[in-house]
Amino acid sequence: MPRNTLTADQIVRAAITLLDEEGLDGLNMRSLGKRLGSAATAIYWHIKTKDDLVRLAGDAVWGEVALPDLDAHDWRTAATAMATGMHAMLTRHPWLGQAFGSHFLYGPGKSRYDDHTLALYEKAGFAAADADRAAGTVFLFVVGSALGPASEVSLNRRLGKDGDAEQQMAETMARATEVAMGFPRLRERLGTAAATGYAAAPDSTFEFGLRAIFDGFEARLTGGSAV
């Protein structure tokens with residue numbers, strides 16, 4: 001694709017696809033240019049550095065999270081929808097969680113989500129400072145909940161480059177099971193869903209945690225201690 005017909009949006013969309021398939025380590029301008037049918041130099045004409053590309057891709061995926069109408073829903077329904085949508089987005093793009101710790105990430109997509117989140121908690125009845133804290137609490141919980149699946153994707157990708165990922169994972173889980181046998185509560189749980197996958201959690205853990213957080217928020221709001 002010639003430089004004069006290539007657009008920044010096309011580059012970012014192709015970068016997101018490449019990141020989904022190969023992770024942060026697999027993103028380079030040469031591979032991206034090949035996908036776009038263009039020379040790497042044509043990409044640099046639009047986006048100057050790889051860090052800029054990750055920032056733009058990382059901001060673009062926030063547009064996938066739907067923002068509920070705050071006048072049509074109670075705060076808890078809206079907050080649940082936004083947190084669930086963010087969790088789904090992070091699961092689709094496991095490289096984004098990794099990028100939080102290695103790149104500066106900002107832009108209108110993330111700001112759009114953050115602003116709506118603050119509006120939600122202010123409408124719920126939190127004072128401005130506590131709305132910030134509420135938004136931060138949920139954000140950290142959602143990111144942390146998505147790290148398990150993301151780490152497994154990243155690990156499987158790395159193991160696959162070194163050999164048979166499935167075999168290495170099975171051998172590792174067998175060794176981990178041997179260790180767990182020495183601890184009574186872990187031994188009781190062997191064979192459950194949470195014990196059969198690397199970085200797995202019990203069923204409905206995300207939903208349980210989110211409800212617990214919102215129960216706490218609701219208690220503060222009704223008890224008058226949040227304002």
Side-chain angles (χ1 to χ4, degrees), residues 7-13 15-17 19-20 24 47 51-151 201 204-227:
T7 67
D9 183 66
Q10 289 171 324
I11 295 169
V12 169
R13 291 298 162 190
I16 291 170
T17 300
L19 284 162
D20 289 345
L24 283 177
I47 299 173
D51 284 349
D52 285 339
L53 184 56
V54 172
R55 175 178 59 80
L56 291 167
D59 192 60
V61 295
W62 282 97
E64 299 175 10
V65 184
L67 303 184
D69 182 348
L70 301 185
D71 292 326
H73 303 282
D74 64 273
W75 77 264
R76 186 159 178 163
T77 299
T80 299
M82 289 187 69
T84 302
M86 176 185 165
H87 187 269
M89 181 272 288
L90 289 171
T91 301
R92 287 192 299 273
H93 307 294
W95 51 270
L96 184 57
Q98 182 184 358
F100 284 141
S102 58
H103 291 75
F104 291 115
L105 299 177
Y106 61 90
K110 175 67 163 49
S111 293
R112 162 186 167 272
Y113 180 91
D114 290 343
D115 189 75
H116 203 74
T117 302
L118 292 173
L120 185 162
Y121 290 117
E122 287 179 357
K123 184 173 182 181
F126 284 108
D130 279 332
D132 292 347
R133 297 184 182 100
T137 296
V138 175
F139 182 86
L140 290 175
F141 172 73
V142 175
V143 170
S145 297
L147 284 180
S151 65
S204 302
T205 294
F206 175 72
E207 293 79 6
F208 177 89
L210 202 59
R211 284 196 302 271
I213 290 172
F214 292 153
D215 285 346
F217 288 177
E218 206 155 46
R220 287 182 64 85
L221 288 167
T222 57
S225 59
V227 295

Rounded distance [0.5 Å steps], [atom1] in [X] versus [atom2] in [Y]:
{"X": "Asp51", "Y": "Leu105", "atom1": "CG", "atom2": "CG", "result": "9.5 Å"}
{"X": "Leu53", "Y": "Ile47", "atom1": "CG", "atom2": "CD1", "result": "5.0 Å"}
{"X": "His73", "Y": "Leu120", "atom1": "NE2", "atom2": "CG", "result": "10.5 Å"}
{"X": "Asp59", "Y": "Tyr106", "atom1": "CG", "atom2": "OH", "result": "9.5 Å"}

Exercise for review: Apply side-chain contact (heavy atoms from CB on, under 4.5 Å) to Leu19 and His93, showing your working.
Suggested key: CA-CA 8 Å; Leu19 284 162; His93 307 294; over 6 Å; no
Min side-chain heavy-atom separation [X]-[Y] under 4.5 Å:
{"X": "Glu218", "Y": "Trp75", "value": "yes"}
{"X": "Arg92", "Y": "Val61", "value": "no"}
{"X": "Asp114", "Y": "Trp62", "value": "no"}
{"X": "Phe139", "Y": "Met86", "value": "yes"}
{"X": "Asp132", "Y": "Tyr121", "value": "no"}

Over all atoms of both residues, closest heavy-atom pair of [X] and [Y]:
{"X": "Lys123", "Y": "Asp71", "result": "NZ-OD1, 3.0 Å"}
{"X": "Ala99", "Y": "Val54", "result": "CB-CG1, 4.2 Å"}
{"X": "Leu221", "Y": "Gly125", "result": "CD2-C, 3.6 Å"}
{"X": "Met82", "Y": "Val65", "result": "O-CG1, 4.0 Å"}
{"X": "Leu118", "Y": "Ala135", "result": "CD2-CB, 4.1 Å"}
{"X": "Ala60", "Y": "Val12", "result": "CB-CG1, 4.0 Å"}

Check your understanding: Any sub-3.5 Å donor-acceptor pair from His116's side-chain atoms to Pro68's backbone N or O?
Key ->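 Yes, because the side chain of His116 sits within donor-acceptor range (under 3.5 Å) of the backbone of Pro68.
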Pairs under 3.5 angstrom only: tabulate donor-acceptor contacts from the side chains of residues 207-217 to other protein residues two or more places apart or in another chain.
unit_1: Asp215; atom_1: OD1; unit_2: Arg76; atom_2: NH1; d: 2.9
unit_1: Asp215; atom_1: OD1; unit_2: Arg76; atom_2: NH2; d: 2.7

Check your understanding: Does NZ or CZ of Lys110 lie under 6.0 Å from the centre of the six-membered ring of Phe100, at an angle within 45° of the ring axis?
Key ->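 Ring-cation test returns no.
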Exercise for review: Show your reasoning for whether side-chain contact (heavy atoms from CB on, under 4.5 Å) applies to Tyr113 and Leu67.
Suggested key: CA-CA 7 Å; Tyr113 180 91; Leu67 303 184; 4.1 Å; yes
